[in-house]
Amino acid sequence: MSLAKVYEPGRFEPRWAQWWVESGIFQASAEAPGPVFSLVIPPPNVTGSLHIGHMLEHTEIDMTIRWRRMQGANTLWLPGTDHAGIATQMLVERALAEEGLDRRRLGRQAFEQRVWAWKERYGDTIKRQMIRLGASCDWSRERFTLDPGLSRAVREVFVRLYEKGLIYRGEYMVNWCPRCQTALSDLEVVHDETPGNLWYIRYPVLGAERSLVVATTRPETMLGDTALAVHPRDERYRDLHGRRALLPLMEREIPIIADELADPEFATGVVKVTPAHDPNDFEAGRRHDLPKIQVIGETGVMTAQAGPYAGLDRFEARRRVVADLDRLGLIEKIEPYPLKLGKCQRCKTPVEPLVSIQWFVRTKPLAEPAIRAVEEGRIRFVPENWTKTYYEWMYNIRDWCISRQLWWGHRIPAFYCADCGHATVARQDPQACAACGSARIEQDPDVLDTWFSSALWPFSTLGWPEDTADLHKFYPTSLLITGFDILFFWVARMIMMGLECAGEVPFREVYIHGLVRDAERQKMSKTRGNVIDPLEVTEKYGTDAVRMSLLLGAAPGTDIVLTEERMLSARAFANKIWNAARFLFLNMERSAVEPWLPPEGVPRRPEPPAGRNEARLEDRWMFSRLNRAAEAANRALQRYRYHEAAQLLWQFFWHEFCDWYVEIKKLRFSQNSGLNADWRNTLTVFEAGLRLLHPAMPFLTEELWQRLASGRSERPRSIALARYPDYDAAAEDPAAESRMALLEEIVVAARNLRSVLQADPRQTLEAVLYSVGEAAELAEAQRDILERLAAVRIEVRREAPPPAPGGVLHSTPEFDLLLRVPRARSEAQRGRLEKEIERLEKLAAGARRQLSNPEFLSRAPEPVVASLREKLSDYEAQLAKHREVLAALTP
RNA sequence: GGGCGCGUAGCUCAGUUGGUUAGAGCGCCUGCUUCACACGCAGGAGGUCACAGGUUCGAGUCCUGUCGCGCCCACCA
């Protein structure tokens with residue numbers, strides 16, 4: 001039963017983590033009766049060790065799911081263990097590089113085998129990490145992307161959408177990453193402010209003695225220009241509509257077109273049109289039926305179309321083009337011009353807009369129901385201001401490019417015919433072209449965007465497209481907890497796909513947590529090197545402490561700053577709980593108290609001591625406070641206010657239970673022995689406190705609870721299966737709470753005076769309590785508590801204090817407390833009195849001012865006025881007393 | 001360019017619908033190794049709630065503007 005002096009999480013955390021998983025206590029079942037709570041969690045970052053941001057997520061998820069379970073819900077958690085594509089691709093490429101292998105030479109099959117091997121290996125690591133972090137995951141339901149079920153779901157969705165015309169193949173301008181060699185969706189392009197130039201280039205107009213000056217940030221693309229454009233109503237260039245210009249360097253004739261693409265306000269008002277390398281120009285090219293000349297290739301190297309520049313890198317080509325133009329005297333001027341350069345989210349290579357044939361999802365028809373679902377409240381965002389961001393994006397949504405030229409992922413189920421060119425899209429691999437019957441067909445080598453399969457997670461994991469029991473029971477899930485960084489990537493798309501495929505929203509609520517930042521408020525990122533490794537800090541401070549420190553900062557809508565100090569103080573809290581338990585256990589042994597766990601139905605009212613009718617004040621107070629803490633904790637968790645829950649539990653356990661209740665109980669334990677009412681009440685509160693804390697600090701509470709419960713076979717196997725304490729109006733005891741508050745006030749007053757006197761803490765002082773009200777009666781009734789906690793011997797007088805009491809005095813409206821000391825030492829309180837008088841005068845003046853305002857008296861609600869009047873009279877009474885004491889001090 | 005958010009104690013942040021003396025943790029100061037805990041106990045100092053107006057009997061809280069900071073989205077070359 002005895003505990004180590006200091007809380008050592010490493011001793012027991014791994015054991016419980018293991019046990020929770022092995023014992024299957026978190027298993028959910030479609031057959032189980034009762035309420036259902038299920039959630040979807042985002043995938044951890046597969047490319048590296050688990051990020052601390054994920055730990056926050058896991059903590060909130062784990063806390064929620066434990067809490068719901070303790071409330072009796074059948075809880076299911078769909079772990080986003082992995083998702084195809086990006087992350088794995090990077091992981092594997094890194095591995096290949098280490099082995100000195102080139103994926104192009106390796107061949108697709110060998111490459112895929114390696115990926116699979118890596119995923120298998122890595123999936124396990126993630127699992128272990130999550131367990132260690134306290135994830136109460138229902139592993140019986142884990143489903144990897146590797147699962148053929150998901151592949152089947154992906155294919156089913158693709159074919160369905162294709163048949164409905166919601167997926168199409170088309171020539172489009174896509175963002176191309178020359179390094180990754182793949183198309184990117186708009187969302188995967190990040191815009192960086194980069195210094196650049198605006199080059200003003202002169203294009204001679206054919207058959208005229210003038211030239212047009214065009215400003216561009218990308219001179220090398222001029223090689224692919226197929227027109228110049230001016231605004232139709234721009235008077236400066238009206239005469240040039242339909243004329244032709246000469247494209248320098250390439251010596252090609254290009255038309256001058258009138259198009260709104262040109263902004264008369266910007267630069268010269270003339271813009272070059274490069275349909276093959278700019279999205280706007282691409283559109284303009286369509287409007288005017290311009291040819292597209294691709295001068296930059298897929299690797300970022302100039303193509304044969306670039307004439308003399310063919311074979312050059314795009315940036316080298318830029319330098320040459322500028323130099324050559326300059327030599328010809330065609331550079332009008334060069335201005336520095338900062339631009340937002342689009343870069344690949346993964347490798348930061350500047351993205352090249354290229355025309356190519358890709359697969360797209362037509363998003364508008366999918367977005368409409370997804371918008372309605374939120375408008376109608378079928379999905380709720382917490383905090384709700386994210387709703388606006390969601391609408392903003394959904395209303396302006398653009399078609400989603402889903403084909404990726406990667407080697408890993410779900411392959412696009414389209415088969416192209418070598419004879420007629422028809423694309424056959426089918427659920428089963430076709431043997432022949434659906435159009436001409438030719439057997440010469442080949443599957444599209446591209447794979448789907450990883451977010452395509454991720455979007456199906458909420459239902460594909462439940463067995464869709466089969467009509468499974470799981471699907472009926474657990475879909476829609478109750479909650480998704482995630483970061484805002486994947487709101488569009490993942491959340492919005494899950495909503496669209498859920499509605500389209502499963503016919504219902506995938507989740508009812510979306511809780512969006514903050515971003516974890518380091519002490520310098522920097523976003524954690526691997527490149528900055530400021531990533532906190534969750535396993536390292538959990539090792540150092542304990543999982544419970546790290547969880548607690550995350551929760552304390554997790555106010556919705558704000559970033560979370562994680563610092564060593566915060567984790568240290570959280571560890572101190574864990575240690576406090578540990579030592580409170582240690583105290584109880586040691587005293588149980590000392591007083592020959594058998595291990596005792598309160599009965600399952602926790603008593604709402606404390607038990608009176610043997611031979612008495614009424615329970616002790618401290619017990620009545622503590623039970624009432626416990627009840628309130630339970631109420632507040634439940635309410636906070638209900639509203640996803642994790643920080644509130646954490647703070648309140650901290651306050652309750654440390655400052656109410658430990659600082660007051662246990663301190664008072666020391667008095668009782670020293671006076672009696674054996675399992676009596678005092679012990680039963682104490683252990684009842686302690687045990688309930690552990691249950692209250694369990695969702696936040698699962699390891700510590702499980703460890704202590706198991707020790708309490710040792711040998712009690714009739715109890716649940718785990719604290720995780722016990723009931724979460726809830727509120728009961730009948731358990732409120734406001735009388736006890738206000739009496740205890742007054743008692744605390746008296747104790748603090750005495751300690752305060754002792755401190756003023758710099759009294760030796762071990763010396764018992766003589767005190768007199770003057771009161772004509774409740775305080776006198778209370779002090780007499782609770783003399784033992786008062787005398788012990790304040791280290792005084794107290795005399796109670798039902799009268800007002802004399803003007804020269806002979807000691808130091810603490811006055812309140814309820815009572816006056818005197819500590820008897822020689823006159824010389826009572827001088828110590830002079831400064832304190834003067835300060836107090838000043839403070840009270842200010843307060844009284846403010847109150848008087850407000851009370852003399854007729855507007856206030858006539859307009860403010862009566863209770864507000866009454867309470868202010870009462871306050872004012874208290875201030876005045878206090879002032880009078882303090883002035884008297886001060887006067888008595890002054891000779 | 002559009003949208004969102006932030007500015008409260010030395011630091012990191014809470015502060016629910018406007019109503020007592022604006023809170024917590026860390027740090028700081030004083031005293032204490034009191035037999036659960038120095039990862040502790042007791043006491044204390046510290047804030048014109050960014051600034052300027054407005055609404056109101058009453059504003060940290062609501063409105064407008066200014067300054068400073070952050071994030072997201074967007075095809076202006």
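Quantities reported herein were computed from a predicted structural model and do not represent experimental measurements. A note on names: the letters A, B, ... follow the listed sequences, proteins ahead of strands, and every chain is numbered from 1.
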- Task: Decide side-chain hydrogen bond (donor to acceptor under 3.5 Å, both in side chains) for A/T274 and A/K292; before the verdict, give the C-alpha distance in whole Å, the side-chain angles of both, and the deciding distance to 0.1 Å.
- Result: CA-CA 7 Å; A/T274 323; A/K292 293 182 279 285; over 6 Å; no

- Task: Answer whether the closest heavy-atom distance between the side chains of A/I746 and A/H810 falls below 4.5 Å.
- Result: no

- Under a 3.5 Å cutoff on both atom distances, Watson-Crick or G-U, what's the dot-bracket for RNA chain B ([ ] crossing, | other strand)? (((((((..((((.....[...)))).(((((.......))))).....(((((..]....))))))))))))....

- Decide yes or no for A/L879 and A/H882: does some side-chain heavy atom of the first lie under 4.5 Å from some side-chain heavy atom of the second? no

- Task: Provide, to the nearest angstrom, the distance between the CZ atom belonging to A/F381 and the C1' atom belonging to B/G3.
- Result: 16 Å

- Message: Once rounded to the nearest 0.5 Å, what's the spacing between atom CZ of A/R590 and atom CZ of A/F585?
- Response: 14.0 Å

- Message: Please classify the nucleic acid contact of A/K388 as base, sugar-phosphate, or nothing, using heavy-atom distances under 4.0 Å.
- Response: sugar-phosphate

- Determine the Euclidean distance between corresponding C1' atoms of B/A50 and B/G60; express it in Å to zero decimal places. 12 Å

- Query: Does A/E260 pair with A/R287 as a salt bridge, N-O distance under 4.0 Å?
  - Reply: no

- Query: Can a donor-acceptor pair under 3.5 Å be found between the side-chain atoms of A/K666 and the base atoms of B/A36?
  - Reply: yes

- Look at the side chain of A/T216 and the backbone N and O of A/W199, then say whether any donor-acceptor pair between them is shorter than 3.5 Å. no

- Item | Whether A/R754 side chain and A/A791 backbone form a donor-acceptor pair below 3.5 Å | yes

- Task: Look at all strands and tell whether A/T216 reaches a base, only sugar-phosphate, or nothing, counting heavy atoms closer than 4.0 Å.
- Result: sugar-phosphate

- Closest of B/C26, B/A77, B/A74 to the A/D186 side chain is B/A74

- Message: Please tell me whether A/Y200 and A/E335 have a donor and an acceptor in their side chains that are separated by less than 3.5 angstrom.
- Response: yes

- Query: When the ring planes of A/F488 and A/W393 are compared, do they come out parallel, tilted or perpendicular, using 30° and 60° as the limits?
  - Reply: parallel

- Item | Nearest to side-chain heavy atoms of A/V6, which nucleotide of B/C39, B/G31, B/A36 | B/C39

- Out of B/A77, B/C57, B/U20, minimum distance to the side chain of A/A262 belongs to B/A77

- Item | Integer angstrom distance from the C1' of B/U8 to that of B/G31 | 31 Å

- Task: Using a 4.0 Å heavy-atom cut-off across all strands, classify A/W654 as base, sugar-phosphate, or nothing.
- Result: sugar-phosphate

- Would you kindly give the CZ-to-C1' distance between A/R762 and B/A42, to the nearest whole Å? 13 Å

- Message: With side-chain hydrogen bond (donor to acceptor under 3.5 Å, both in side chains) as the criterion, how do A/H288 and A/D259 come out once you've worked through the C-alpha distance, each side chain's angles and the decisive distance to 0.1 Å?
- Response: CA-CA 9 Å; A/H288 296 271; A/D259 194 285; 2.6 Å; yes

What N/O pairs connect the protein and nucleotides 44-49 of chain B at under 3.5 Å? Give each pair on its own line.
unit_1	atom_1	unit_2	atom_2	d
B/G44	OP1	A/N752	ND2	2.9

- Query: For A/W660, what residues pass the ring pair (Phe, Tyr, Trp, His ring centres under 6.0 Å) criterion, not counting sequence neighbours?
  - Reply: none

- Task: Using a 4.0 Å heavy-atom cut-off across all strands, classify A/L487 as base, sugar-phosphate, or nothing.
- Result: nothing

- Query: Partners of A/E836 by side-chain hydrogen bond (donor to acceptor under 3.5 Å, both in side chains), sequence neighbours excluded?
  - Reply: A/R839

- Item | Minimum side-chain heavy-atom gap A/W679-A/V593 below 4.5 Å | yes

- Answer yes or no: is there a donor N or O on one side and an acceptor on the other, between the side chain of A/W578 and the main chain of A/A4, under 3.5 Å? yes

- A/R751 side chain: which of B/A36, B/G43, B/A77 is closest? B/G43

- Is any N or O donor-acceptor pair between the side chain of A/E392 and the base of B/A74 shorter than 3.5 Å? no

- Out of B/U21, B/C57, B/A77, minimum distance to the side chain of A/A860 belongs to B/C57

- Do any of residues 569-580 of chain A sit with a heavy atom less than 4.0 Å from RNA chain B, and if so which? A/S569, A/R571, A/A572, A/N575, A/K576, A/N579, A/A580

- Message: Walk me through whether A/Y875 and A/E841 qualify under side-chain hydrogen bond (donor to acceptor under 3.5 Å, both in side chains).
- Response: CA-CA 8 Å; A/Y875 295 151; A/E841 271 170 348; over 6 Å; no

- Side-chain contact check for A/D278: nearest option of B/A38, B/A77, B/G25 is B/A77

- For A/Y337, which contact category applies under a 4.0 Å heavy-atom criterion: base, sugar-phosphate, or nothing? sugar-phosphate

- A/F381 and A/Y390 aromatic ring geometry - parallel, tilted or perpendicular at 30°/60° bounds: tilted

Using a cutoff of under 3.5 Å, can you pull out all pairs of nitrogen or oxygen atoms linking the protein to nucleotides 14-18 of chain B, with atom names and distances?
unit_1	atom_1	unit_2	atom_2	d
B/A14	OP1	A/T558	OG1	2.8
B/G15	OP1	A/R641	NH2	2.9

- Item | B/U66 and B/C4, which share atom name P, separated by this distance in whole Å | 16 Å

- Options B/U20, B/G31, B/A36, nucleotide nearest the side-chain atoms of A/P761: B/G31

- Message: Just to be sure I understand the rule, does A/H277 reach a base, reach only the sugar-phosphate, or reach nothing, if contact means heavy atoms closer than 4.0 Å?
- Response: nothing

- Message: Under 4.0 Å from OP1 or OP2 of B/C71: is there any side-chain N or O of A/W386 that close?
- Response: no

- Item | Nucleotide B/A36, atom P - distance to CZ of A/R707 in whole Å | 18 Å

- Item | For atom CG of A/L551 and atom P of B/A24, their distance in whole Å | 20 Å

- Task: Quote, to the nearest angstrom, the C1' distance that separates B/C11 from B/U64.
- Result: 33 Å

- Message: Here's a test of your reading of the structure: between A/R566 and A/D263, which maps to the more 5' nucleotide of RNA chain B?
- Response: A/R566

- Task: From the options B/C26, B/A77, B/U21, select the nucleotide whose nearest atom is closest to the side chain of A/V271.
- Result: B/A77

- Interatomic distance at C1', B/A74 relative to B/A59, whole Å: 38 Å

- Winner on side-chain proximity to A/F856, out of B/C41, B/A36, B/G19, is B/G19

- Check every strand shown and say whether A/R582 touches a base, only sugar-phosphate, or nothing at a heavy-atom separation below 4.0 Å. sugar-phosphate

- Task: Provide the distance between the two P atoms, one in B/G2 and one in B/A9, to the nearest whole Å.
- Result: 32 Å

- Query: Say you pick atom P in B/C62 and the same atom in B/C49; how far apart are they, in whole Å?
  - Reply: 15 Å

- Task: Tell me what A/D659 touches on the nucleic acid: a base, only sugar-phosphate, or nothing, going by heavy atoms under 4.0 Å.
- Result: sugar-phosphate

- Query: Relative to the 5' end of RNA chain B, which residue comes earlier, A/R839 or A/R218, by the nucleotide with the nearest heavy atom?
  - Reply: A/R839

- Task: For B/G47 versus B/A24, give the span between their C1' atoms, rounded off to a whole number of Å.
- Result: 14 Å

- Message: Centroid separation under 6.0 Å, is that true for the rings of A/Y642 and A/Y511?
- Response: yes

- Query: Which nucleotide in the set B/G19, B/C37, B/U30 lies at the smallest distance from any side-chain heavy atom of A/P861?
  - Reply: B/G19

